[in-house]
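Every chain is numbered from 1, with letters handed out A, B, ... down the list of sequences.
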Protein chains: 2
Amino acid sequence: MGNNQDIQNVSKATIGRLPAYHRYLKEKMAAGERTVSSTAVAEDLHLNAVKVRKDLAVISSVAGKPKLGFSIADLIDGIDRILGYDNVTDAVIVGAGGLGSALVGYGGFKAYGLNIVAAFDNDPERIDTTLGGVKVFDSNDLVRLVRRLNVLIGIIAVPASAAQSVADELVEGGVRAIWNFAPVHLTLPANIAVKNEDMAASLAILSKRLAEILNSEK
Amino acid sequence: MGNNQDIQNVSKATIGRLPAYHRYLKEKMAAGERTVSSTAVAEDLHLNAVKVRKDLAVISSVAGKPKLGFSIADLIDGIDRILGYDNVTDAVIVGAGGLGSALVGYGGFKAYGLNIVAAFDNDPERIDTTLGGVKVFDSNDLVRLVRRLNVLIGIIAVPASAAQSVADELVEGGVRAIWNFAPVHLTLPANIAVKNEDMAASLAILSKRLAEILNSEK
DNA sequence: ATTATATCGATATGTTTTTATCGATAAAAT
DNA sequence: ATTTTATCGATAAAAACATATCGATATAAT
């Protein structure tokens, strides 16, 4: 995943929109369509048409055609290539509780280039069970196993109180990217990529939009 | 939640950072501290000091003092006020499966001004059970119950295939904001606030960062 | 009392992202 | 064959966001 050059030349904002385009294009393709116009995508996805056109221009290997638009198959290939959906990267998840099992069960991560090869938990009840095909190991073996498996990505789905120490162990095991679902800020070396999945932040932004809408109505 | 004026004048980027400040400030307060400087916050949270100072200036009701910084208690009050953490808004969640129960169990939403008053599912096994104190109702009663409860926010935690119809029903029931955890783009009226929790997008951004880091090392 | 200093607030600059405009062009319609 | 039109690509302007700089100032140290 992502260990290619392509992803580097694409803006962060665009990268964030690619998965949505990908789903949309897959749908259109399944519906038998061959081309899309930026205007149609923009309308359906409620985005600005110019923005979409620039995004599609980055993705597409060939120029769009007036009156026709872009080739759907080509766009999908482009996103696959940029996001590395064609080659899979291994990851481990720590925390096999509610959120952890939901994430593993959520499935489809493999379609996004992520292959969860192991789960970890410190609850004896959960150790040695399987979670959607993924075996749950003892947290005590985390560092050793992560190092042995040569895993680059770690997912943290443990309570806030345990998150920092788990993160430290993941780094010790050689992980270079951390996807953090615990509501805490992790203190980590600068050369580790971190993405915090901050539910409270999402909720705050939703609230802002709601406030704007309700306010515009009075 | 958020049904106040304050949230309107604050930039979206700042809004997204407020929950992290809130957690940080609560920690500091619990540790017995009374003031923080923007430089300290910036260092601990790995943010730019000027950015933090501007954020804190928006939050704080009084000016910061040289050598001392800002009052922690005042900042917390400010965030509570802006994000509406002091007055709680009701919400319902649809989908009591893995993700749904994880979200309800994730708990702490009430601390973020969100009170989940009901869950819905169409699986007879789940109907009439309780999920962390929240009763699971039959999806068939969704529209009627949501309308009766006068709920403004709906959380969608159902499989992708069911998400659009659930969203339509929520809107029919009077919901004005939708927090969507299903990996699909929802087509909804313009006067409904939507926040998509797009795991694939998060993963894409994490991958980009990882690619940048790995690339800078060779 | 005086000086040193951490921090603030304000202003300015830079960067990223979004949005607007418009001529060019390929397909469709006449 | 000619005209119309949807869409593109390019350029430019605007908006949002981040970062740099610096004088002012309240506290702490001398």
Check: In residues 190-201 of chain A, what residues come within less than 4.0 Å of DNA chain C, judged by heavy atoms?
Finding: none
Next item on the list: Identify, with sequence neighbours excluded, every residue that meets side-chain hydrogen bond (donor to acceptor under 3.5 Å, both in side chains) alongside B:Ser165.
Entry: none
Item checked: side chain to side chain contact (heavy atoms under 4.5 Å, CB included) against B:Ala20, all qualifying residues, sequence neighbours excluded -> B:Arg23
Next item on the list: Could I get the full list of salt bridge (Lys or Arg N to Asp or Glu O under 4.0 Å) partners for A:Arg176, not counting sequence neighbours?
Entry: B:Glu217
Check: Atom CG of B:Asn9 and atom P of D:dA16: how far apart are they, to the nearest Å?
Finding: 13 Å
Check: What ring pair (Phe, Tyr, Trp, His ring centres under 6.0 Å) pairs are there with at least one residue in residues 24-81 of chain B, not counting sequence neighbours?
Finding: A:His185-B:His46
Check: Can you name the residues that form a side-chain hydrogen bond (donor to acceptor under 3.5 Å, both in side chains) with A:Thr187, not counting sequence neighbours?
Finding: none
Item checked: 5'-to-3' dot-bracket of DNA chain C (Watson-Crick, G-U; under 3.5 angstrom; crossing pairs as [ ]; | other strand) -> ||||||||||||||||||||||||||||||
Using nucleotides 2-10 of chain C, report all nitrogen or oxygen pairs with the protein that are shorter than 3.5 Å.
from  : atom 1 : to      : atom 2 : distance (Å)
C:dA6 : O4'    : B:Lys67 : NZ     : 3.1
C:dT7 : OP2    : B:Thr39 : OG1    : 3.4
C:dT7 : O4'    : B:Lys67 : N      : 3.4
C:dC8 : OP1    : B:Ser38 : N      : 2.9
C:dC8 : OP2    : B:Ser38 : OG     : 2.3
C:dC8 : O3'    : B:Gly64 : O      : 3.2
C:dG9 : OP1    : B:Gly64 : N      : 2.8
C:dG9 : N7     : B:Arg53 : NE     : 3.1
C:dG9 : O6     : B:Arg53 : NH2    : 3.2

Next item on the list: Only counting residues at least two apart or in another chain, list the ones meeting salt bridge (Lys or Arg N to Asp or Glu O under 4.0 Å) with A:Glu27.
Entry: none
Note to self: Applying side-chain hydrogen bond (donor to acceptor under 3.5 Å, both in side chains), can you list everything that pairs with A:Ser37, at least two apart in sequence or on another chain?
What the structure shows: A:Thr39
Item checked: side chain to side chain contact (heavy atoms under 4.5 Å, CB included) against A:Asp90, all qualifying residues, sequence neighbours excluded -> A:Asn115, A:Val117, A:Val151
Next item on the list: Please identify each residue that fulfils side chain to side chain contact (heavy atoms under 4.5 Å, CB included) with A:Glu172, with sequence neighbours left out.
Entry: A:Val143
Check: Taking the six-membered ring for Trp, are B:Tyr112 and B:Tyr85 parallel (under 30°), tilted (30 to 60°) or perpendicular (over 60°)?
Finding: tilted
